[in-house]
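Since the model is a prediction, treat every value here as computed from it, not as a measurement.
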Amino acid sequence: MSVAAKRARKMQVQQDLRLEKYVSHKFVGKALEEIHADKLHYKTSADEDGSYSDE
């Protein structure tokens, strides 16, 4: 599962948004915007589990 998909699921359940304004109306689009804005830090597939942290 991709980082954006994992983040989108978390956003749906917890209504946890990192940016003040989003262009996209869909959660996956919002997650991609957060990644682009460096609001999410993620591990590559070479790392343990490919998870992300939303620090």
Side-chain angles (χ1 to χ4, degrees):
M1 186 179 307
S2 75
V3 172
K6 287 181 184 180
R7 177 65 182 135
R9 284 203 173 117
K10 183 175 182 181
M11 291 168 81
Q12 277 183 308
V13 173
Q14 298 179 353
Q15 295 298 313
D16 179 28
L17 304 174
R18 299 283 177 209
L19 300 176
E20 291 182 24
K21 188 173 182 179
Y22 293 90
V23 175
S24 180
H25 298 286
K26 296 183 178 184
F27 287 109
V28 173
K30 290 178 181 182
L32 291 171
E33 290 179 41
E34 290 180 352
I35 292 168
H36 182 72
D38 289 330
K39 296 293 181 178
L40 293 180
H41 305 281
Y42 54 92
K43 299 177 183 178
T44 62
S45 60
D47 294 329
E48 299 169 10
D49 59 358
S51 63
Y52 76 93
S53 65
D54 48 357
E55 298 171 354

Please tabulate, one pair per line, all N/O donor-acceptor pairs under 3.5 Å involving side-chain atoms of residues 27-38, not counting sequence neighbours.
unit_1: E33; atom_1: OE1; unit_2: V23; atom_2: N; d: 3.0
unit_1: E33; atom_1: OE2; unit_2: V23; atom_2: N; d: 3.2
unit_1: E33; atom_1: OE2; unit_2: S24; atom_2: N; d: 2.7
unit_1: E34; atom_1: OE1; unit_2: R7; atom_2: NE; d: 2.6
unit_1: E34; atom_1: OE1; unit_2: R7; atom_2: NH2; d: 3.2
unit_1: E34; atom_1: OE2; unit_2: R7; atom_2: NH2; d: 3.3
unit_1: E34; atom_1: OE2; unit_2: R18; atom_2: N; d: 3.0
unit_1: E34; atom_1: OE2; unit_2: Y22; atom_2: OH; d: 2.6

(request) List the atom of L17, the atom of M11, and the distance in Å for their closest heavy-atom pair. (result) CD2-CE, 3.3 Å
(message) Let me confirm one number: the NZ-CG distance from K6 to L40, rounded to the nearest 0.5 Å.
(response) 12.0 Å
